[in-house]
> 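So that we are looking at the same thing, I have put the structure below in structure tokens.
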Amino acid sequence: MGAGLRTRSDWAAGLGSRGDVAVEVELVENVLKSNDLLAHQIRRRLQEKQVMGINLISSPGAGKTTLLEASLPLLARRGLRSAVIEGDLFTTLDAERIGKTGTAAVQLNTRGACHLDAGMVAAALDKVALDEISILWVENVGNLVCPASYDLGETLTVVVLSTVEGNDKPLKYPPAFLRAGVCVLTKMDLLPYSGLDLERLLADIARIHPGLPVIPVSARTGEGMEAWVNFLLERRTASVKLPA
Ligand SMILES: Nc1nc2c(ncn2[C@@H]2O[C@H](COP(=O)(O)OP(=O)(O)O)[C@@H](O)[C@H]2O)c(=O)[nH]1
Ligand SMILES: [Mg+2]
């Protein structure tokens, strides 16, 4: 490989008989463009209905569904009804958990794909009673990589990180932290056992995305849940144009 930065055209020109790879690059770019168009339409549709859309991104097991189970009743008590679109490879397990909270849940199965895209969310939206809700949550497939590239038409992207995942995650997966409008640090009850250097974690997150709010919570003990719900209420008021 020659010295210097390689642009996409350098890369394609150097392929020679491997032009198939260049076609693949083109295809990926087109897929992302059509995804963004659909995402834009979803965002407009939600805005018209005064609904805040939230895209939850994390590694598997960070605590997305548990955070939802704890947040939904608190939000309902503050007058905000939700619906949830659950993304999963094959199962309906998370949608069943959400259903038990009394919140409407629509399951999307990606049949193995590592992320949701705007087309899947647009199809699921037809099953959501948008007139009856204030917040539409989308729990993305558990994965810190692919979901960071796909706009789902959300108003707020939430990256969920738990105290037991290790200090290196923000630096290893910066796109998810760059995309996010807030980071929820879950499992704070496990912090004393985790070995996590909290100060270093916060400094790393701030290096990647200066000013990104980080809200520490434990869905298990309720620690931080009030601050999290207050944050959501403020964001909703700011992001959804309320009728005069
Ligand atoms: N101790 C503790 N465990 C939690 C907390 N949040 C989630 N968990 C546990 O972490 C595991 C994965 O949680 P889940 O919500 O299914 O993660 P998801 O894959 O991101 O949706 C479950 O066993 C939860 O009970 C928390 O705040 N504290
Ligand atoms: Mg889940």
Side-chain angles (χ1 to χ4, degrees), residues 53-75 82-117 120-121 124 135-148 150 152 154 156-167 169-170 172-173 175-177 179-196 198 201-202 205 213-232:
I54 300 180
N55 179 7
L56 287 176
I57 296 179
S58 84
S59 340
K64 298 180 297 303
T65 313
T66 312
L67 181 69
L68 280 172
E69 288 170 316
S71 307
L72 297 172
L74 295 176
L75 287 165
S82 299
V84 181
I85 295 175
E86 278 291 346
D88 196 11
L89 300 184
F90 300 108
T91 78
T92 56
L93 292 170
D94 285 354
E96 287 163 25
R97 285 170 63 185
I98 297 302
K100 286 184 188 150
T101 69
T103 305
V106 178
Q107 183 73 56
L108 277 179
N109 283 138
T110 63
R111 296 177 194 279
C114 59
H115 61 87
L116 294 178
D117 62 38
M120 297 177 197
V121 173
I135 303 181
L136 174 68
W137 298 84
V138 180
E139 178 175 342
N140 217 314
V141 176
N143 177 350
L144 268 181
V145 185
C146 316
Y150 284 81
L152 302 184
E154 71 264 30
L156 176 68
T157 310
V158 179
V159 64
V160 178
L161 182 70
S162 73
T163 56
V164 292
E165 287 174 70
N167 259 100
K169 295 302 168 294
K172 282 177 82 171
Y173 304 103
F177 290 83
R179 179 174 183 80
V182 62
C183 171
V184 178
L185 183 61
T186 56
K187 308 193 189 180
M188 283 302 286
D189 54 301
L190 300 180
L191 182 65
Y193 319 103
S194 66
L196 185 79
L198 185 56
L201 183 86
L202 295 177
I205 292 173
V214 179
I215 304 180
V217 305
S218 167
R220 187 63 56 83
T221 66
E223 173 190 347
M225 290 302 295
E226 191 72 14
W228 163 233
V229 167
N230 286 340
F231 174 87
L232 289 172

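Sequence positions, counted from 1, serve as the residue numbers for this chain. Read the numbers this way: they start at 1 and go in the same order the structure lists the ligands and their atoms.
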> State whether any protein heavy atom lies less than 4.0 Å from atom 7 (C) of ligand 1.
yes
> For the side chain of E139 and the backbone of L56, is there at least one donor-acceptor N/O pair under 3.5 Å apart?
no
> Under 4.0 Å from any heavy atom of S218, which atoms of ligand 1 are there?
27 (O)
> Locate the shortest heavy-atom distance separating W137 from S82; write the atom from each residue and the value.
NE1-OG, 3.1 Å
> Is there a donor-acceptor contact under 3.5 Å from the side chain of E154 to the main chain of L152?
yes
> Salt-bridge test for K187 and E223: reply yes if a basic N is under 4.0 Å from a carboxylate O, no otherwise.
no
> When you draw lines from the Mg ion (ligand 2) to OE2 of E139 and to OD2 of D94, what angle lies between them, to the nearest 10°?
90°
> Can you check whether T221's main-chain N or O pairs, donor with acceptor, with S218's side chain at less than 3.5 Å?
yes
> Provide the number and element of each atom of ligand 1 under 4.0 Å from a heavy atom of L190.
1 (N)
> Just by modelled atom types, is the L161 backbone N or O under 3.5 Å from a matching donor or acceptor in the T186 side chain?
yes
> Closest non-hydrogen protein atom to atom 21 (O) of ligand 1, residue and atom name please, with distance?
T65 OG1, 2.8 Å
> Closer than 4.0 Å and a protein heavy atom, does any atom meet both conditions relative to atom 23 (O) of ligand 1?
no
> Counting C-beta onward and ignoring hydrogens, is there a side-chain heavy-atom pair between L201 and P170 closer than 4.5 Å?
yes
> Could you tell me the residue and atom name of the protein heavy atom closest to atom 27 (O) of ligand 1, and the distance to it rounded to 0.1 Å?
A219 N, 3.0 Å
> Considering non-hydrogen atoms of the protein only, which is the closest contact for atom 3 (N) of ligand 1, and what is the distance?
R220 NH2, 3.3 Å
> Ligand 1 and M188, any nitrogen or oxygen pair closer than 3.5 angstrom?
no
> Looking only at heavy atoms, is any part of V160 under 4.0 Å from ligand 1, and if so is it the side chain, the backbone, or both, or is it neither?
neither
> To the nearest 0.1 Å, how far is atom 28 (N) of ligand 1 from its closest protein heavy atom, and which atom is that?
D189 OD1, 2.8 Å
> Atoms of ligand 1 less than 4.0 Å from E139 heavy atoms?
21 (O)
> Could you identify the single nearest non-hydrogen protein atom to atom 15 (O) of ligand 1 and state the distance to 0.1 Å?
T66 OG1, 2.5 Å
> Under a 3.5 Å threshold, yes or no: a donor from one side chain and an acceptor from the other, between T157 and N55?
no
> Under 4.0 Å from ligand 1, counting heavy atoms only, is it the side chain of S58, its backbone, both or neither?
side chain
> Based purely on interatomic distance, does L67 place a nitrogen or oxygen under 3.5 Å from a nitrogen or oxygen of ligand 1?
no
> Tell me: protein heavy atom nearest atom 16 (O) of ligand 1, and distance?
R97 NH1, 2.9 Å
> If the cut-off is 4.0 Å to any non-hydrogen atom of G63, which atoms of ligand 1 fall inside it?
7 (C), 13 (O), 14 (P), 15 (O), 17 (O), 18 (P), 20 (O)
> Is there a side chain to side chain donor-acceptor pair (under 3.5 Å) between N109 and D88? Walk through the geometry before answering.
CA-CA 5 Å; N109 283 138; D88 196 11; 5.0 Å; no
> Compare all side-chain heavy atoms of V138 with those of L116 and state whether any distance is below 4.5 angstrom.
yes
> Among all protein non-hydrogen atoms, which one is nearest to atom 10 (O) of ligand 1, and what is the separation to 0.1 Å?
K187 NZ, 3.0 Å
> Between T103 and G99, is there a donor-acceptor pair closer than 3.5 Å when you use the side chain of the first and the backbone of the second?
no
> Is there an N/O/S atom in T65 that lies less than 2.8 Å from the Mg ion (ligand 2)?
yes
> Could you tell me whether T186 and ligand 1 have an N or O pair separated by under 3.5 Å?
no
> Indicate the atoms forming the closest heavy-atom contact of V106 with A124, along with that distance.
CG1-CB, 4.0 Å
> Considering only heavy atoms of K64, which atoms of ligand 1 have at least one such atom less than 4.0 Å away?
15 (O), 17 (O), 18 (P), 19 (O), 20 (O), 21 (O)
> For atom 19 (O) of ligand 1, what is the nearest protein heavy atom, given as residue, atom name and distance?
G61 N, 2.8 Å
